[in-house]
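Report on the structure given below.
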Amino acid sequence: MRKQIVAGNWKMNLNAAESQELIDALKAQTFNDGVHVAIATPYVHLAAAVDQTAGTSIDVAAQNMHQAASGAYTGEVSAAMLEGIGVKTVILGHSERRAYFHETDALLAEKVNAALENDMHVIFCFGEELEDRKSEAHFDLVTSQLTNGLFHLNASQWANITLAYEPVWAIGTGETASPAQAQEMHAHIRAVLAAKYDDALAQSVSVLYGGSVKPANAKEIFAQTDVDGGLIGGASLKAEDFAAIVNAF
Ligand code: 13P
């Protein structure tokens with residue numbers, strides 16, 4: 001059975017005290033046992049978050065990393081640095097990184113390689129903009145993001161990849177893809193994986209949905225056959241809401 005995952009992407013929110021407070025509140029919640037829970041904090045809170053979650057089932061993830069091992073890249077953080085403080089998961093390819101920091105598929109392929117070389121797990125994000133959907137280019141766009149970002153990997157490397165389909169028009173907008181739209185795209189993603197690799201691999205990869213997931217709509221989205229969980233932005237900043245989403249499975 002595929003792993004069910006709910007990951008919170010805190011983005012650039014919360015100061016150190018607020019981060020600590022939210023993690024304390026998360027630790028007081030009861031999470032559905034079968035669901036793998038992760039929180040992606042800003043870099044500066046990662047080490048404290050790793051300490052604070054030690055002995056719990058909450059995994060701490062980074063929101064980004066640089067592709068180089070080390071060197072003159074002012075302001076950047078490498079996979080080895082993350083790994084060295086106990087961070088084992090990294091989100092790569094978020095649409096905000098693609099849009100505001102000009103991250104291309106080719107660059108993301110390099111970042112994926114660097115993460116895997118350091119035995120990290122990758123949550124790889126992709127998804128279409130509203131224009132792509134309006135012009136019915138969304139399936140092709142997603143296919144090309146997967147092809148260019150990930151299809152250089154061999155089959156065994158996919159054990160460390162989780163996919164997160166996040167239609168850009170649904171992020172932070174309150175507009176969610178309908179459960180049917182999410183299912184349709186997730187089935188497409190699995191078909192593309194099966195065509196490139198094989199059906200067993202396609203069936204083994206967890207594919208998360210992201211974009212305005214809230215306690216009120218999580219159950220219906222997670223009930224879709226090919227949806228294995230969610231990447232949660234705004235609602236991950238409130239412990240009760242995040243727990244309600246985890247427990248929507
Ligand atoms: P929202 O849940 O705030 O729409 O954000 C989704 C997202 O971008 C998660 O990575």
Side-chain angles (χ1 to χ4, degrees), residues 4-14 18-19 22 26 35-43 45-46 49 58-65 87 89-103 108 111-112 115 120-130 132-133 138 141-142 145-146 149-150 161-179 181-182 185-186 189 206-222 224 227-249:
Q4 296 177 322
I5 302 168
V6 176
N9 176 9
W10 291 9
K11 308 191 180 184
M12 196 174 74
N13 291 297
L14 308 186
E18 290 164 343
S19 168
L22 177 53
L26 289 170
V35 184
H36 182 85
V37 175
I39 51 170
T41 79
Y43 281 141
H45 307 326
L46 284 171
I58 302 171
D59 183 31
V60 174
Q63 299 173 14
N64 177 37
M65 51 161 252
V87 174
T89 304
V90 61
I91 296 175
L92 294 175
H94 193 279
S95 64
E96 288 147 20
R97 300 291 320 168
R98 293 176 187 259
Y100 306 140
F101 303 96
H102 314 296
E103 296 198 355
L108 292 168
K111 291 192 176 200
V112 168
M120 292 185 70
H121 190 96
V122 174
I123 299 176
F124 187 85
C125 305
F126 53 94
E128 83 281 1
E129 312 237 358
L130 189 57
D132 303 314
R133 185 162 277 268
H138 48 300
L141 196 273
V142 161
Q145 287 174 321
L146 290 172
L150 294 172
I161 304 287
T162 293
L163 298 178
Y165 167 61
E166 299 202 301
V168 179
W169 48 272
I171 295 177
T173 57
E175 177 126 10
T176 325
S178 69
Q181 283 174 319
M185 183 57 87
H186 284 225
I189 292 161
S206 296
V207 186
L208 315 184
Y209 168 80
S212 298
V213 178
K214 309 285 177 211
N217 60 23
K219 202 173 194 66
E220 223 188 337
I221 295 170
F222 294 171
Q224 303 303 309
V227 177
D228 305 306
L231 186 54
I232 319 300
S236 73
L237 298 172
K238 288 201 189 109
E240 296 76 20
D241 286 358
F242 188 63
I245 292 171
V246 173
N247 296 331
F249 267 109

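Being a predicted model, the structure only gives us computed values, none of them experimental. Just follow the structure's listing: the first ligand is 1, and inside any ligand the first atom is 1.
The CZ atom of R98 sits 5.0 Å away from the CG atom of L108 when rounded to the nearest 0.5 Å. I189 contributes atom CD1, which lies 7.0 Å from atom OH of Y165 (distance to the nearest 0.5 angstrom). With values rounded to the nearest 0.5 angstrom, D228 atom CG is found 7.0 Å from L208 atom CG.
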One line per pair, note the atom names and distance for all nitrogen or oxygen contacts under 3.5 Å between ligand 1 and the protein.
{"from": "ligand 1", "atom 1": "2 (O)", "to": "S212", "atom 2": "N", "distance (Å)": "3.4"}
{"from": "ligand 1", "atom 1": "2 (O)", "to": "G233", "atom 2": "N", "distance (Å)": "2.9"}
{"from": "ligand 1", "atom 1": "3 (O)", "to": "G234", "atom 2": "N", "distance (Å)": "2.8"}
{"from": "ligand 1", "atom 1": "4 (O)", "to": "G172", "atom 2": "N", "distance (Å)": "2.6"}
{"from": "ligand 1", "atom 1": "4 (O)", "to": "S212", "atom 2": "N", "distance (Å)": "2.7"}
{"from": "ligand 1", "atom 1": "5 (O)", "to": "K11", "atom 2": "NZ", "distance (Å)": "3.4"}
{"from": "ligand 1", "atom 1": "8 (O)", "to": "K11", "atom 2": "NZ", "distance (Å)": "2.8"}
{"from": "ligand 1", "atom 1": "8 (O)", "to": "H94", "atom 2": "NE2", "distance (Å)": "2.8"}
{"from": "ligand 1", "atom 1": "10 (O)", "to": "N9", "atom 2": "ND2", "distance (Å)": "3.1"}
{"from": "ligand 1", "atom 1": "10 (O)", "to": "H94", "atom 2": "NE2", "distance (Å)": "2.9"}
{"from": "ligand 1", "atom 1": "10 (O)", "to": "E166", "atom 2": "OE1", "distance (Å)": "3.2"}
{"from": "ligand 1", "atom 1": "10 (O)", "to": "E166", "atom 2": "OE2", "distance (Å)": "2.9"}

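When every heavy atom of E103 is checked against every heavy atom of G93, the shortest pair comes out as OE1-N, 4.4 Å.
If you run side-chain contact (heavy atoms from CB on, under 4.5 Å) between I91 and each of N9, V122, T162, only N9 comes through.
Applying the side-chain hydrogen bond (donor to acceptor under 3.5 Å, both in side chains) test to residues at least two apart or on different chains, the pairs with a partner in residues 212-222 are T176-N217.
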